[in-house]
Q: 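Structure below; questions to follow.
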Amino acid sequence: MTMKNDQMVGSENLTDTTGWTLSDAVEASLEARIESHRYADETDRILSRIPGEDVETLFPSYEALVKMGVEVTRLADALDNGLDAKLFGAVLEQGLEIEGFNQTLEAGIDIPTFNAGMEHLVEQQRLLELHPDAVDRALHRHGECSCVA
């Protein structure tokens, strides 16, 4: 397009006739970015599109995340930058406090450190389920329990 006598030339076909607004396009982009991290591998992602195929995901859908109150823009950035999707899903299942998570994302996180923290939290929850008693957990940590874990 060029300007001619203060009028834009060649702009007559710029009207969006699809019904999409800018916010629709931004939301679709965010959803696609998040969806790209929801599956364990490309095969699962493809199978998820087939009606009747039940594919396990690493964390809830974009719509569910929005309903939970997750700041999806910042989550998409974090996932794109290495946030572990599997650990994120596990921590969500264990009752991640969404408001605190959003504040952490907003403040900026060191993703490797955050991943290590989520891994520690998941492991501690697994250990708590395996050994509800604190003494048993201490014995487990020292390799002095009879469990097979």
Q: Starting at OG of S29, measure out to CD1 of I34 and round the result to the nearest 0.5 Å.
A: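 It comes to 9.5 Å.
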
Q: Checking the side chain of T57 only, and the main-chain atoms of P60 only, is there a donor and an acceptor separated by less than 3.5 Å?
A: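 Flag not set: sc T57 to bb P60 has no pair under 3.5 Å.
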
Q: Are the charged groups of R74 and E71 less than 4.0 angstrom apart, N to O?
A: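 Salt bridge: no.
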
Q: To the nearest 0.5 Å, how far apart are CD in E63 and NZ in K67?
A: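 Separation between the atoms: 7.5 Å.
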
Q: Just verifying a value: how many Å separate D54 CG and S48 OG, rounded to the nearest 0.5 Å?
A: 10.5 Å

Q: Rounded at 0.5 Å granularity, tell me how far CE in M118 sits from CD1 in I111.
A: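 CD1 of I111 is found 9.0 Å from CE of M118.
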
Q: Any idea how F88 and F59 line up, ring-wise: parallel (<30°), tilted (30 to 60°), or perpendicular (>60°)?
A: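 F88 vs F59 ring planes: perpendicular.
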
Q: Under the side chain to side chain contact (heavy atoms under 4.5 Å, CB included) test, which residues partner Q94, sequence neighbours left out?
A: L121, V122, Q125

Q: Under the side-chain contact (heavy atoms from CB on, under 4.5 Å) criterion, do R38 and L58 qualify, and how do the steps go?
A: CA-CA 5 Å; R38 278 188 70 216; L58 301 176; 5.7 Å; no

Q: Report yes if the side chains of L96 and M68 come closer than 4.5 Å at any heavy-atom pair, otherwise no.
A: no

Q: Which heavy atom of E35 sits nearest to which heavy atom of Y62, and what is that distance?
A: OE2-N, 3.8 Å

Q: For residues L92 and L30: do they belong to one hydrophobic cluster (side chain heavy atoms under 4.5 Å, members Ile, Leu, Val, Met, Phe, Trp, Tyr)?
A: yes

Q: Looking only at heavy atoms, which two atoms of L105 and A78 are closest? And how far apart?
A: CD2-CB, 3.9 Å

Q: D80: what forms a side chain to side chain contact (heavy atoms under 4.5 Å, CB included) with it, not counting sequence neighbours?
A: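 Side chain to side chain contact (heavy atoms under 4.5 Å, CB included) check on D80 returns R33, H37.
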
Q: Does the side chain of N102 come within less than 4.5 Å of L75's, by heavy atoms?
A: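 Heavy-atom side-chain distance check fails, nothing below 4.5 Å.
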
Q: Assigning hydrophobic clusters by single linkage (Ile, Leu, Val, Met, Phe, Trp, Tyr; side-chain heavy-atom cutoff under 4.5 Å), is I50 placed with V55?
A: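 Linked within one cluster.
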
Q: Would one find more than 12 heavy atoms of other residues, nucleotides or ligands at under 6.0 Å from atom CD of E119?
A: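 Counting other residues, nucleotides and ligands, CD of E119 stays at 12 neighbours or fewer.
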
Q: Around E53, counting heavy atoms of other residues, nucleotides and ligands shown, do more than 12 lie under 6.0 Å from its CD?
A: yes

Q: Within this structure, what is the OG1-CD1 distance for the pair T104 and I109, rounded to the nearest 0.5 Å?
A: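 These two atoms lie 7.5 Å from each other.
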
Q: Check for me, please, whether L83 and V66 land in the same ILVMFWY cluster - side-chain distances under 4.5 Å, paths through other members count.
A: yes

Q: Could you note down all residue pairs passing salt bridge (Lys or Arg N to Asp or Glu O under 4.0 Å) where residues 40-49 supplies at least one of them, sequence neighbours left out?
A: E42-R45

